[in-house]
Student: 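Here it is: the structure, laid out below.
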Amino acid sequence: MKKFLDLGLQPLANSYLDNKSINKKEKKFRLEVAFNPKNYLVSILNTVSKEKMFNENYPYKSSESLTMRKAFKKFSLKIKKRFKPNTILEIGSNDGAFLKNFNRRNIIGVEPCKNLARITKKKGYKTFSEYWSPKLAKKITKNKRVDLIYSANTLSHIKNFSEIFRAINLSLNKTGILILEDPSLLECIKKTAYDQFYCEHIYVFSSISLQRILDKYNFEIFDIENTPTHGGSNRYFIKRKLNKNFKISQNVHKNFKIEKKNGLHKFSTFKKFSKKVLDSKTKLNKIFNNLILKRKRIVGYGATAKSCTVLNYCKIKKSSIKFFYDTTSFKINKFLPGTKIKIKKYKKLTIKDVDYVFLGAWNFKDEIFRKERKFIKDGGKFITHVPYPKIL
Ligand code: JHZ
């Protein structure tokens, strides 16, 4: 592993503080990112135990954004049309944003965060509230394996590949399809989106690195879709190497080629990226310092896990951002980890209250700009750090 980035001491990204815990010492870890020249994998070096991150207090809900609800709906229709699966298993079903597009009889969810699993269970969806493991896979599919396994923004959160793929092997039909969706390393590098790195994102995959991992378990990518979700993601369609029902699409070769053209197989690319990250930090601080000198009122929008990395790395404090607006009930009246900036219940932006808004949820910029068009028309401004710090 060759280290290329040090994002400093960071708290756990989704461990929002409440009035009680705000005065306690927070657990912190050093967020360092490294490249493995053998399998091209980019991963964080110091990991946090899954129990500390994914438990019954997990605050993130996929259904909070219209963009995500629409994306899951659209993709579920595609799955039905292209693969016609009778049985589906979703690993990391969260609050059911994907699951709910299927008949209750055809889909099973796995969600270790009990507060989220409860939501889908209540709606009548069979949900196993446990961590994905070979033991669980056996329990779920002891009589019958499934036709399709889907997992979005989950594989990048699980450390042990051998456990993951042993469990998938046990639960997927011989001719079954595995679909994985995770942020794209290429987009992360292109956009200098260093905030894709935090405790939960153990890996940020490229297609070339994922294929190297899959090789070990006799799986292969047969198609790739590049999607705009979460700032640019890849959707990987995967089969067993022995399954000859699907030809390897040109999209796969195209993605491998583009990634290599952009140097995702070379350490030097990541060294250059780390210089851009440092530059991004300097520029973002300059923007904040200028606005504060002019006594502008700044708030944040979308108290994301990504914001945790940015604000703690750039040392942007609560004296700079008055509070964050967020729609997630669980986050309201809590405080962002590290910076302790308060999170308030979302209220439409008005120029009467606010001058500048830091876009924590930059990946939902279009949805947010549509919602806040009056604020923008009246002269309200946003601050973003992606692809480089600027005022919008
Ligand atoms: P969002 C989480 O990351 C954590 P985060 C996790 N590790 C992961 O991989 C990704 O999700 C998938 C709010 N919001 O999706 C809702 C508004 O307030 O960028 C959310 O709190 N108003 C599992 O946290 C946050 O912003 C809005 O109009 O980086 C968005 O979080 C919209 C659109 C969102 O994920």
Side-chain angles (χ1 to χ4, degrees), residues 10 12-16 44 47-48 50 52-55 57-72 90-95 97-98 111-113 115-116 151-159 180-184 187-188 191 193-205 227-235 299-312 323-334 336-337 341 343-349 357-373 375 382 384-386:
Q10 294 271 351
L12 306 197
N14 267 315
S15 291
Y16 295 87
I44 62 169
T47 51
V48 173
K50 57 182 186 295
K52 282 204 178 110
M53 297 188 284
F54 310 113
N55 49 46
N57 296 318
Y58 197 68
Y60 179 76
K61 284 188 186 167
S62 314
S63 301
E64 284 296 325
S65 119
L66 180 67
T67 311
M68 288 314 293
R69 291 199 300 275
K70 277 190 182 164
F72 281 126
E90 188 188 8
I91 310 172
S93 48
N94 197 273
D95 65 346
F98 173 76
E111 177 47 67
C113 304
N115 59 327
L116 299 173
S151 188
N153 298 300
T154 303
L155 188 78
S156 52
H157 297 57
I158 312 178
K159 191 172 175 183
L180 300 174
E181 198 171 322
D182 280 289
S184 144
E187 291 303 315
C188 164
K191 296 189 168 100
Y194 61 90
D195 52 353
Q196 289 291 7
F197 298 108
Y198 50 93
C199 53
E200 293 176 12
H201 282 184
I202 299 171
Y203 309 103
V204 177
F205 296 112
T227 74
T229 43
H230 292 297
S233 298
N234 285 336
R235 191 174 274 154
V299 305
Y301 199 116
T304 57
K306 295 184 289 291
S307 306
C308 181
T309 299
V310 179
L311 302 180
N312 286 294
F323 57 83
F324 260 80
Y325 275 135
D326 201 288
T327 50
T328 316
S329 53
F330 197 91
K331 296 184 185 177
I332 292 161
N333 289 329
K334 299 229 166 77
L336 272 160
I341 299 170
I343 304 164
K344 288 193 180 179
K345 188 175 176 186
Y346 165 71
K347 192 172 126 222
K348 230 177 178 52
L349 298 174
V357 181
F358 173 67
L359 205 47
W362 57 267
N363 44 315
F364 295 117
K365 177 172 158 264
D366 293 347
E367 182 178 338
I368 293 169
F369 275 35
R370 242 178 282 136
K371 254 194 249 176
E372 309 301 339
R373 52 181 175 264
F375 172 71
F382 283 87
T384 188
H385 62 289
V386 177

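Computed from a prediction, not measured in an experiment: that's the story for all the values here. As the structure lists them, so they are numbered: ligands from 1, and atoms in each ligand from 1.
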Student: Do Y58 and E200 get their side chains close enough for a donor-acceptor pair, meaning under 3.5 Å?
Tutor: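 Yes, E200 and Y58 have a side-chain donor paired with an acceptor closer than 3.5 Å.
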Student: Listing by chain and number, which residues have a heavy atom under 4.0 Å from ligand 1?
Tutor: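 Shell around ligand 1 (4.0 Å, heavy atoms): N14, Y58, Y60, S65, N153, H157, Y198, E200, H201, H230, Y301, G302, T304, A305, K306, D326, T327, T328, K331, A361, N363, F364, E367, I368, K371.
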Student: Indicate whether any N or O donor in one side chain lies under 3.5 Å from an N or O acceptor in the other, for S233 and E181.
Tutor: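 There is no such pair between these side chains.
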Student: Looking only at non-hydrogen atoms, find the nearest pair between K159 and I202 and report the distance.
Tutor: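 Reported closest heavy-atom pair: N-CD1, 3.8 Å.
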Student: In terms of the angle between their ring planes, are F375 and F382 parallel, tilted or perpendicular, with boundaries placed at 30° and 60°?
Tutor: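 It falls in the perpendicular class, over 60°.
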Student: Pick out which of D182, N363, T67, T304 makes a side-chain contact (heavy atoms from CB on, under 4.5 Å) with H230.
Tutor: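 Testing H230 for a side-chain contact (heavy atoms from CB on, under 4.5 Å) against D182, N363, T67, T304 leaves exactly one candidate, N363.
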Student: Identify the two heavy atoms, one from A13 and one from Y198, that lie closest to each other, and give their separation to 0.1 Å.
Tutor: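 That would be CB-CD1, 3.7 Å.
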